[in-house]
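Sequence lines set the chain letters: A, B, ... in the order given, protein chains first and strands last, and positions in each chain run from 1. Note that the structure is predicted; figures quoted are calculated from it, not measured.
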There are 2 protein chains.
Amino acid sequence: MNRGGAEREGDTESKAGSRLRAVSTEPDHTDPDYSAAYVVLETDVEDGFKGYGITFTLGKGTEVVACAVNALAHHVLNKDLGDIVGDFRGFYRQLTSDGQLRWIGPEKGVVHLATAAVLNAVWDLWAKQEGKPLWKLLVDMDPRMLLSCIDFRYITDVLTEEEAYGILQKGQIGKKERERQMLMHGYPAYTTSCAWLGYSDDTLKQLCTEALQDGWTRFKVKVGADLQDDIRRCRLIRNMIGPEKTLMMDANQRWDVPEAIEWMSKLAEFKPLWIEEPTSPDDILGHATISKALVPLGIGVATGEQCHNRVIFKQLLQAKALQFLQIDSCRLGSVNENLSVLLMAKKFEIPVCPHAGGVGLCELVQHLIIFDFISVSASLKNRMCEYVDHLHEHFRYPVTIKKASYMPPKDAGYSTEMKEESVKKHQYPDGEVWKKLLAAQNN
Amino acid sequence: MNRGGAEREGDTESKAGSRLRAVSTEPDHTDPDYSAAYVVLETDVEDGFKGYGITFTLGKGTEVVACAVNALAHHVLNKDLGDIVGDFRGFYRQLTSDGQLRWIGPEKGVVHLATAAVLNAVWDLWAKQEGKPLWKLLVDMDPRMLLSCIDFRYITDVLTEEEAYGILQKGQIGKKERERQMLMHGYPAYTTSCAWLGYSDDTLKQLCTEALQDGWTRFKVKVGADLQDDIRRCRLIRNMIGPEKTLMMDANQRWDVPEAIEWMSKLAEFKPLWIEEPTSPDDILGHATISKALVPLGIGVATGEQCHNRVIFKQLLQAKALQFLQIDSCRLGSVNENLSVLLMAKKFEIPVCPHAGGVGLCELVQHLIIFDFISVSASLKNRMCEYVDHLHEHFRYPVTIKKASYMPPKDAGYSTEMKEESVKKHQYPDGEVWKKLLAAQNN
């Protein structure tokens with residue numbers, strides 16, 4: 001995949017603390033102030049392409065992720081892109097199993113978020129050099145090449161490379177038609193912008209009315225802080241959208257296992273398709289218990305935005321702990337690890353409904369889910385991608401939503417690149433936004 | 001527990017990168033070069049006591065942990081120790097559920113290692129101000145007060161506060177006698193210093209002979225890199241120690257699930273008591289599968305040194321995935337979270353055999369396991385604490401091993417304090433050791 005075998009040197013630069021304001025509140029994340037670690041890979045190739053990688057946080061913590069990016073940087077600096085993607089599995093393993101850094105993970109938390117940022121930049125660069133949007137790079141890629149990007153370590157008891165090959169081979173059938181379908185109609189989305197916690201009736205009504213006018217048919221409500229308030233907001237929204245449209249609920253890890261079952265039993269009358277993150281993201285068996293109790297009430301369990309790696313996803317699938325699987329392009333080890341999760345989900349026939357929002361997540365995950373439909377799942381049943389309407393203005397290739405669907409990006413790359421002026425303005429600590437904030441703090 | 005209600009202000013200082021050399025190799029951690037983040041809490045109380053907290057890494061990564069310590073520091077700076085320990089559960093929750101930082105965890109990886117370092121310092125300070133070694137502070141503490149240090153969030157489906165209270169009440173019976181027993185004979189230990197990977201027959205024989213002469217009766221061998229080499233070393237050691245003494249094996253996460261079962265079936269003839277970390281530390285169901293296959297061969301599964309929080313331990317117990325539970329005082333959220341794990345292990349009657357080694361881990365975990373015996377488990381059956389013979393010379397209150405047992409520390413505190421000259425020499429980047437290293441790198 002190396003164009004003309006030219007030598008390429010990478011130069012990683014991490015820009016921490018781009019502070020992007022967005023209004024949203026969640027039961028367990030009450031004061032988010034989105035921020036992102038932004039990795040820029042430069043090369044010595046004449047094409048001048050750069051790879052941009054991102055992972056966001058809720059504010060504090062980006063400086064820690066940036067520190068981890070720097071600790072990983074030596075793995076990518078002065079490497080040839082052709083060598084990296086020629087043994088992408090090996091390169092992934094190098095980053096995630098660094099003999100010393102692995103101790104502070106492995107493959108979880110800060111160091112894995114940093115891995116995502118670095119690898120997202122590599123994928124962006126690769127797609128740009130191939131002149132394709134990332135989803136198309138994946139769709140066109142030979143199945144064996146695709147598999148060579150995946151580290152199957154710790155998941156072979158559930159998915160071997162040969163089984164994965166079988167899935168991808170089967171996915172070739174009807175691929176062209178599904179690609180046409182995507183280009184024509186896009187991938188169905190749902191909106192989380194209507195019903196954050198703490199909104200008044202009037203705000204809810206107004207946002208909901210607007211969303212209905214814009215063609216949205218699937219809505220997510222945040223729950224878990226106060227049962228009576230949840231009942232009020234869920235009733236209002238269900239009444240607004242009518243019985244046919246889809247309602248989902250999201251508790252952002254608020255409950256213990258017994259509490260999750262009890263609370264959701266009381267919200268069952270509003271017919272939610274799923275309850276998202278009912279408890280600790282680490283609690284596979286807890287999610288299984290909750291699923292077992294709620295599925296008979298018609299409520300599925302959804303989780304994944306804080307599942308830290310493929311080993312957790314593997315077990316959630318094994319334990320029948322979820323009915324909807326939510327990948328995240330900035331928490332897992334980039335496209336490489338997400339590919340393994342898409343394939344495992346396919347094996348278990350569990351629909352993937354990506355997590356989006358944050359900073360740039362919509363821009364990234366759309367590529368993965370469009371690839372998933374065209375080459376892996378071949379189905380839209382019970383599938384949709386989250387959409388949150390904020391911070392897109394900072395991206396050079398923002399998402400295009402038409403009739404409540406993600407339209408496939410046409411520009412080359414992974415849509416990770418931010419606008420120069422946004423980066424300049426929000427860069428820590430020298431950006432204009434930060435200078436003002438820091439000056440205000442000092443006064 | 002606040003002595004005289006005096007105002008205490010904490011001043012956190014994190015010292016990153018104390019670089020302590022020790023020779024050890026593990027299958028998946030091939031080039032460790034121990035390093036530690038070291039937190040010092042100073043107060044404005046006349047007693048002049050300082051709290052020292054530590055968490056180590058295998059080298060690179062300590063700078064990332066130190067960065068996370070700084071991100072957490074505002075939670076402890078200028079706080080009153082009495083207020084902290086008066087609502088220790090609340091303080092623990094404040095650190096682990098910081099509305100923004102929780103995104104880069106929660107309760108796992110870098111940010112949780114940093115939490116451990118900060119809280120270890122608080123416990124050291126508290127024990128010093130009470131004039132007791134930490135184990136004794138715990139043993140003498142009223143059960144209700146002990147429970148008020150524990151965050152039961154996400155574990156109430158397995159252990160409620162009332163159940164935990166019942167366990168502690170039962171633990172009061174015979175406590176005095178067990179304390180006398182500990183002071184007289186100490187807590188049984190095993191050694192990992194004899195059989196790291198790559199040792200020649202001669203080295204193995206010599207180390208083993210010396211260990212036998214020193215009274216050691218329990219030995220751990222590193223396995224998983226090469227089956228034939230494992231057979232050679234296991235045979236040699238089993239022959240040296242005879243059939244009655246205890247042999248354990250440690251694979252440091254080397255295998256996938258099917259491989260673990262296959263490999264260990266071939267080492268079963270050497271009668272290991274346990275196989276430690278056969279696969280990914282996140283793979284609860286994988287460990288359960290391995291346990292199910294190996295227990296009939298007389299081999300238990302041990303894990304825990306990289307279990308990142310109580311939610312994972314809860315599930316390992318629920319799933320019958322381990323026969324030996326290995327707590328770690330620097331990876332879990334300090335004493336607070338370890339208390340919850342000790343209590344859950346007691347409920348499931350699974351023996352706790354702490355992980356030690358690294359930097360200062362022996363010094364710390366001895367306190368926890370001595371408390372466990374006196375106040376919780378009341379049993380030594382199948383129980384022992386790891387011992388690794390390195391880096392103790394850097395500690396002000398190093399462990400005392402007598403007849404292969406940890407003798408209870410008598411000095412006040414958590415034994416976390418390092419010698420001033422060691423810190424000075426190894427501090428990054430100004431310590432003598434680092435100056436030399438950095439100069440050599442630049443030449």
Side-chain angles (χ1 to χ4, degrees), chain A residues 28-33 35 56-68 70-71 97-114 152-158 253 256-259 279-286 289 306 308-309 311-312 314-315 318-319, chain B residues 28-33 35 56-68 70-71 97-114 152-158 253 256-259 279-286 289 306 308-309 311-312 314-315 318-319:
Chain A
D28 242 42
H29 304 114
T30 48
D31 56 348
D33 193 2
S35 162
F56 71 99
T57 75
L58 300 191
K60 275 179 292 176
T62 283
E63 76 281 18
V64 188
V65 176
C67 186
N70 288 327
S97 291
D98 176 302
Q100 294 185 357
L101 281 177
R102 158 172 230 290
W103 187 258
I104 62 170
E107 294 182 82
K108 61 174 64 72
V110 169
V111 76
H112 214 43
L113 290 165
F152 284 88
R153 188 176 201 188
Y154 298 142
I155 59 169
T156 57
D157 52 330
V158 152
Q253 311 169 22
D256 277 26
V257 174
E259 197 183 7
T279 189
S280 162
D282 298 332
D283 199 350
I284 295 140
L285 300 178
T289 302
Q306 294 216 14
H308 55 262
N309 62 33
V311 181
I312 300 293
K314 176 185 80 167
Q315 294 173 85
Q318 287 177 293
Chain B
D28 242 43
H29 304 115
T30 48
D31 55 348
D33 193 2
S35 163
F56 72 99
T57 76
L58 300 190
K60 274 178 295 174
T62 283
E63 77 281 18
V64 188
V65 177
C67 186
N70 288 327
S97 291
D98 177 303
Q100 295 185 359
L101 282 176
R102 157 171 231 290
W103 187 258
I104 64 171
E107 294 181 81
K108 59 175 66 71
V110 168
V111 75
H112 214 44
L113 290 164
F152 284 87
R153 190 177 197 186
Y154 298 142
I155 58 171
T156 57
D157 51 330
V158 152
Q253 313 168 22
D256 277 26
V257 174
E259 197 183 7
T279 189
S280 162
D282 298 333
D283 199 350
I284 295 139
L285 300 178
T289 302
Q306 295 217 14
H308 55 262
N309 61 33
V311 181
I312 300 293
K314 175 185 80 167
Q315 295 172 82
Q318 286 176 294

A.B. asks: Looking at P281(B), P106(B), G109(B), which one has more heavy-atom pairs under 4.5 Å with chain A than the rest?
C.D. replies: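 Top count of heavy-atom pairs under 4.5 Å with chain A: P106(B).
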
A.B. asks: Side chain from CB out, backbone as N, CA, C, O: work out which of these in H112(B) comes under 4.5 Å of a heavy atom of chain A, or both, or neither.
C.D. replies: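 Interface part for H112(B): neither.
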
A.B. asks: Any side-chain heavy atom of D33(A) sitting closer than 4.5 Å to one from S35(A)?
C.D. replies: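 The answer is no; the side chains never approach within 4.5 Å.
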
A.B. asks: Any side-chain to backbone donor/acceptor pair from D98(B) onto Q100(B)? Under 3.5 Å, distance only.
C.D. replies: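 At least one qualifying donor-acceptor pair exists.
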
A.B. asks: Most heavy-atom pairs under 4.5 angstrom with chain B, which of L113(A), V110(A), T279(A)?
C.D. replies: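 Most pairs with chain B among the choices: V110(A).
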
A.B. asks: Taking the side chain as everything from C-beta on, heavy atoms only, tell me whether I104(B) gets closer than 4.5 Å to V65(A).
C.D. replies: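 They are in contact (side-chain heavy atoms under 4.5 Å apart), so the answer is yes.
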
A.B. asks: For L285(A) and K314(B): C-alpha separation, side-chain torsions, deciding distance, then whether side-chain contact (heavy atoms from CB on, under 4.5 Å) applies.
C.D. replies: CA-CA 9 Å; L285(A) 300 178; K314(B) 175 185 80 167; over 6 Å; no

A.B. asks: Relative to chain A, which of T156(B), N309(B), D283(B) shows the most heavy atom pairs under 4.5 Å?
C.D. replies: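 Looking at each option in turn, the highest pair count goes to D283(B).
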
A.B. asks: Is any side-chain heavy atom of T289(B) closer than 4.5 Å to a side-chain heavy atom of D157(A)?
C.D. replies: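 Not touching, per the 4.5 Å side-chain cut-off.
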
A.B. asks: Would you call Q253(A) and Q306(A) a side-chain contact if the rule is heavy atoms closer than 4.5 Å?
C.D. replies: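 Yes, close enough: below the 4.5 Å cut-off.
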
A.B. asks: Given that the side chain runs from C-beta out, which part of A319(B) has a heavy atom under 4.5 Å from chain A: side chain, backbone, both or neither?
C.D. replies: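 Answer is both: backbone and side chain atoms of A319(B) are under 4.5 Å from chain A.
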
A.B. asks: Quick one: of I312(B), D282(B), V311(B), who has the most non-hydrogen atom pairs under 4.5 Å with chain A?
C.D. replies: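 Top option by heavy-atom pairs under 4.5 Å: D282(B).
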
A.B. asks: Please classify the contact of F56(B) with chain A as side chain, backbone, both or neither, using a heavy-atom distance under 4.5 Å.
C.D. replies: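 Both the backbone and the side chain of F56(B) come within 4.5 Å of chain A.
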
